[in-house]
Visitor: 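Dropping a structure here in structure tokens format, bear with me for questions.
No experiment lies behind these values; they were computed from the predicted model shown. All residue numbers in this chain count up from 1 along the given sequence.
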Amino acid sequence: MNALEVDIQRKVFASPTGGEFLALSKLQFSVPRGQFCCIIGPSGSGKTTFLNIVSGLDTGFEGDVRIAGQPPGAGPRLGYMFQSPRLMPWLTVEKNVELVATHRAIAQGMPRKLLEQVGLGASVDAYPNRLSGGMQRRVALARAFVNEPPLLLLDEPFVSLDAPVANRLRDLLLDQWRARGATIVFVTHDLREAIQLGDRVVFMSATPGRVVLDVPVPLDRPRLAEGAEVEKFREQLLREHPALLAGLEASRLAEGESVKRVAVGGA
């Protein structure tokens with residue numbers, strides 16, 4: 001059984017002009033258990049909307065989503081790391097992690113253990129306004145893993161961070177993923193980041209969002225975002241799909257592109 005099955009036929013929002021805005025259309029793919037799946041696409045392609053549907057925060061769509069064979073909210077708990085850390089300013093670092101933790105996780109001391117693992121053991125009693133942006137993201141990462149979710153959703157969690165900070169957080173994410181065996185669905189605009197992190201990269205079209213390219217990443221781990229192998233694979237994708245990826249680089253994808261499933265490098 002796959003960790004995630006997605007078949008979103010239609011997701012519509014009300015338009016300010018009184019009409020309808022079609023955000024997602026025939027978005028279909030699955031994610032095997034334990035896979036690190038990166039989702040990439042231009043701004044406005046519905047990536048966050050897709051994550052909100054999977055998480056159960058948005059139930060107003062046509063289609064079907066299954067997490068370990070069950071609808072969102074009925075199956076196993078999942079983790080969700082948003083674009084911003086969303087920390088409660090009146091709670092300490094440790095209390096922010098405990099806020100979403102189960103009684104079992106708290107009894108096992110998971111909040112503090114995870115904070116120590118992400119390098120914040122000395123800051124458990126600090127308040128968010130005393131932390132740098134990178135430290136706040138580390139708190140959010142610990143919070144996302146605290147209940148050891150079998151499925152973790154991440155919505156551009158490292159956007160706008162300086163490269164050294166972002167690289168450190170990517171390493172921490174990979175460490176936690178390897179240690180806990182979670183299935184990860186990671187949304188990003190950055191093709192290098194997707195290649196560095198993912199077992200696979202799923203490309204979404206411009207609105208209405210749907211899958212237009214689905215590519216396994218045939219590179220050994222560990223990988224560096226600016227490493228030669230990552231750049232070589234990125235250039236290969238640009239050569240093989242110039243119109244698609246040139247549009248992506250400009251945050252625009254051609255609508256109407258058919259789904260292409262490719263195995264690059266024999267993977």
Side-chain angles (χ1 to χ4, degrees), residues 4 13 39 43 46-60 65 67 72-177 179-180 182-190 193 197:
L4 177 63
F13 291 103
I39 310 291
S43 298
K47 301 184 298 297
T48 298
T49 298
F50 153 71
L51 291 182
N52 286 339
I53 289 173
V54 173
S55 70
L57 295 176
D58 187 339
T59 59
V65 171
I67 300 171
R77 296 176 68 95
L78 55 78
Y80 196 161
M81 189 172 173
F82 301 93
Q83 290 183 20
S84 60
R86 298 194 180 187
L87 304 180
M88 303 298 106
W90 57 88
L91 296 178
T92 65
V93 163
E94 187 170 18
K95 292 299 182 183
N96 263 284
V97 178
E98 289 181 354
L99 186 63
V100 302
T102 63
H103 294 302
R104 178 174 177 270
I106 292 174
Q108 293 177 335
M110 287 300 295
R112 185 161 295 214
K113 287 178 184 177
L114 279 165
L115 287 167
E116 290 172 351
Q117 288 173 14
V118 300
L120 292 175
S123 302
V124 293
D125 295 322
Y127 287 88
N129 66 352
R130 306 297 298 175
L131 306 180
S132 67
M135 293 172 74
Q136 291 184 24
R137 301 288 176 101
R138 280 189 268 166
V139 177
L141 184 60
R143 186 175 60 189
F145 273 106
V146 70
N147 295 316
E148 298 186 292
L151 176 63
L152 178 60
L153 311 176
L154 299 102
D155 189 3
E156 299 189 78
F158 311 138
V159 68
S160 78
L161 293 176
D162 292 340
V165 176
N167 285 334
R168 169 64 175 152
L169 288 171
R170 292 185 192 111
D171 288 342
L172 289 171
L173 172 60
L174 289 170
D175 288 344
Q176 291 298 320
W177 170 61
R180 304 182 188 284
T183 304
I184 291 184
V185 177
F186 184 102
V187 161
T188 179
H189 279 99
D190 186 339
E193 180 177 58
L197 295 176

Visitor: Starting from the C-alpha separation in whole Å, work towards a yes-or-no answer on side chain to side chain contact (heavy atoms under 4.5 Å, CB included) for L78 and L153.
Guide: CA-CA 8 Å; L78 55 78; L153 311 176; 4.2 Å; yes

Visitor: Return the minimal non-hydrogen interatomic distance between V165 and L161, and the atom names on each side.
Guide: CG1-CD1, 4.1 Å

Visitor: Do side-chain atoms of R77 reach the backbone of P149 as a donor and acceptor pair under 3.5 angstrom?
Guide: no

Visitor: Test of understanding: with side-chain contact (heavy atoms from CB on, under 4.5 Å), list the residues that count as partners of V159, not counting sequence neighbours.
Guide: E156

Visitor: Could you tell me whether the side chain of V185 reaches within less than 4.5 Å of the side chain of L51, counting heavy atoms only?
Guide: yes

Visitor: Test side chain to side chain contact (heavy atoms under 4.5 Å, CB included) on H189 and K47; report intermediate values, then the result.
Guide: CA-CA 10 Å; H189 279 99; K47 301 184 298 297; 3.5 Å; yes

Visitor: Does P128 reach the side chain of N96, with side-chain heavy atoms less than 4.5 Å apart?
Guide: yes

Visitor: What is the minimum heavy-atom distance between V146 and A105, and which atoms define it?
Guide: O-CB, 3.6 Å

Visitor: Work out which heavy atom in P157 is nearest to a heavy atom in F186; give both atom names and the distance.
Guide: CG-CE1, 3.5 Å

Visitor: Is there a side-chain contact between V139 and Q136 in this structure, where contact means two heavy atoms from C-beta onward sitting under 4.5 Å apart?
Guide: no

Visitor: Hey, are the side chains of R143 and M81 touching, using non-hydrogen atoms and a 4.5 Å cut-off?
Guide: no

Visitor: Considering all heavy atoms of both residues, which atom of V65 and which atom of P72 are nearest to each other, and what is their separation?
Guide: O-CD, 3.3 Å

Visitor: Evaluate the criterion side chain to side chain contact (heavy atoms under 4.5 Å, CB included) for residue pair L131 and V93; output intermediate values, then yes/no.
Guide: CA-CA 9 Å; L131 306 180; V93 163; 3.5 Å; yes

Visitor: Output yes when E116 and K113 qualify as a salt bridge under the 4.0 Å nitrogen-oxygen rule, no when they do not.
Guide: no

Visitor: Could you tell me if the side chain of I184 sits less than 4.5 Å from the side chain of L173, heavy atoms only?
Guide: yes

Visitor: Rounded to the nearest 0.5 Å, how far does CG of N52 lie from OG1 of T59?
Guide: 11.0 Å

Visitor: Give the intermediate values and the outcome of side chain to side chain contact (heavy atoms under 4.5 Å, CB included) for residues D58 and F13.
Guide: CA-CA 11 Å; D58 187 339; F13 291 103; 4.2 Å; yes

Visitor: Let me confirm one number: the CD-OG1 distance from E148 to T102, rounded to the nearest 0.5 Å.
Guide: 9.0 Å

Visitor: Can you tell me how far the CG atom of L141 sits from the CZ atom of R137, to the nearest 0.5 Å?
Guide: 11.0 Å

Visitor: Once rounded to the nearest 0.5 Å, what's the spacing between atom CG of L197 and atom CG of L154?
Guide: 9.5 Å

Visitor: What heavy-atom pair brings P111 and I106 nearest, and what distance separates the two atoms?
Guide: CD-CA, 4.2 Å

Visitor: Taking N147 for the side chain and V100 for the main chain, is one N or O donor matched with an acceptor at less than 3.5 Å?
Guide: yes

Visitor: Under 4.5 Å between any side-chain heavy atoms of L4 and V54, yes or no?
Guide: yes

Visitor: Sequence neighbours excluded, which residues qualify as side-chain contact (heavy atoms from CB on, under 4.5 Å) partners of Q117?
Guide: L114, Q176, R180

Visitor: For W177 and A182, indicate whether the former's side chain and the latter's backbone hold a donor-acceptor pair under 3.5 Å.
Guide: yes

Visitor: Does any non-hydrogen side-chain atom of E94 lie less than 4.5 Å from one of L115?
Guide: yes

Visitor: Would you say the side chain of Y80 lies within less than 4.5 Å of the side chain of L57, judging by non-hydrogen atoms?
Guide: yes

Visitor: Please tell me whether D155 and T48 have a donor and an acceptor in their side chains that are separated by less than 3.5 angstrom.
Guide: yes

Visitor: Do we get R86 above F82's six-membered ring, with its NZ or CZ under 6.0 Å from the centre and within 45° of the axis?
Guide: yes

